[in-house]
Amino acid sequence: GAGVSQSPSNKVTEKGKDVELRCDPISGHTALYWYRQSLGQGLEFLIYFQGNSAPDKSGLPSDRFSAERTGGSVSTLTIQRTQQEDSAVYLCASSLVGGRAGGELFFGEGSRLTVL
Amino acid sequence: SQKIEQNSEALNIQEGKTATLTCNYTNYSPAYLQWYRQDPGRGPVFLLLIRENEKEKRKERLKVTFDTTLKQSLFHITASQPADSATYLCALDSTGGFKTIFGAGTRLFVKA
């Protein structure tokens, strides 16, 4: 597809389970971002990948959160031992360029996670 | 600490009027600032980008200003329409310039 694709669009899980959220960025985009948005709130930065550089993980809220980006393309955000406070919409975005070059971000529609 | 502030109160205006939204930041020296629109249940959509050496940028009914002395950007929608009702987010590159950080957004309601 032409846009950023995220899956699943909705995920309901039980507390303590692990979840994986997937992001397919736009082909050729070197920068990939994960954000979290709780109900009625703004976007909370989680992690940023830029090309082959080490990712900026400074926004990950705990060591239960991890992300990887394989082959400079698809990214997976993993949340281990989910807690109720992890419930949110997880948004992925990609950009042709990152850093101070200032590329516009293209967002997916998000993965809504509900932890019961 | 670094902060991006947008008015958390919703802005209600009458159709046809100009909507003005504010984005203030502290402890940043951004190379650029962006504005996005977000509709309920959707991902944000890019609207405009303005660089630090630009004072103003326009696109159709949208206008953005960037004052690096005041550390403020203003986002204007002229001749507003009910279809402009959405949440508007400002974003800028973080200190160090390696990631894009968002404000909390301002909800705009345009009444017919």
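Letters A, B, ... are given to chains in the order of the sequence lines, protein chains preceding strands, and every chain is numbered from 1.
- Rounded to the nearest 0.5 angstrom, A:Asp18 CG and A:Thr13 OG1 are separated by 8.5 Å.
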Identify every side-chain donor-acceptor pair in residues 101-111 of chain B under 3.5 Å, counting partners at least two apart or on other chains, and give the distances.
from, atom 1, to, atom 2, distance (Å)
B:Thr106, OG1, B:Asn7, N, 3.4
B:Thr106, OG1, B:Asn7, O, 2.8

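- Aromatic ring pairs are classed by plane angle as parallel below 30°, tilted from 30° to 60° and perpendicular above 60°; the pair B:Tyr28 and B:Tyr25 is perpendicular.
- Neither the backbone nor the side chain of A:Glu44 comes within less than 4.5 Å of any heavy atom of chain B.
- The part of A:Leu91 that comes within reach of chain B is its side chain, from C-beta onward, which places non-hydrogen atoms under 4.5 angstrom from that chain.
- Looking at B:Gln38, only its side chain comes within 4.5 Å of chain A, counting heavy atoms on both sides.
- With a 4.5 angstrom heavy-atom cutoff, A:Tyr35 touches chain B only via side-chain atoms.
- Of the atoms belonging to A:Ser58, it is side-chain heavy atoms, and not backbone ones, that fall under 4.5 Å from chain B.
- A 4.5 Å side-chain heavy-atom check between A:Ser87 and A:Leu113 finds every atom pair outside the cut-off.
- Remark: A:Trp34 CH2 to A:Leu21 CG distance equals 5.5 Å, nearest 0.5 Å.
- The candidate with the highest count of non-hydrogen atom pairs below 4.5 Å against chain A, out of B:Gly43, B:Gly41, B:Pro44, B:Pro40, is B:Pro44.
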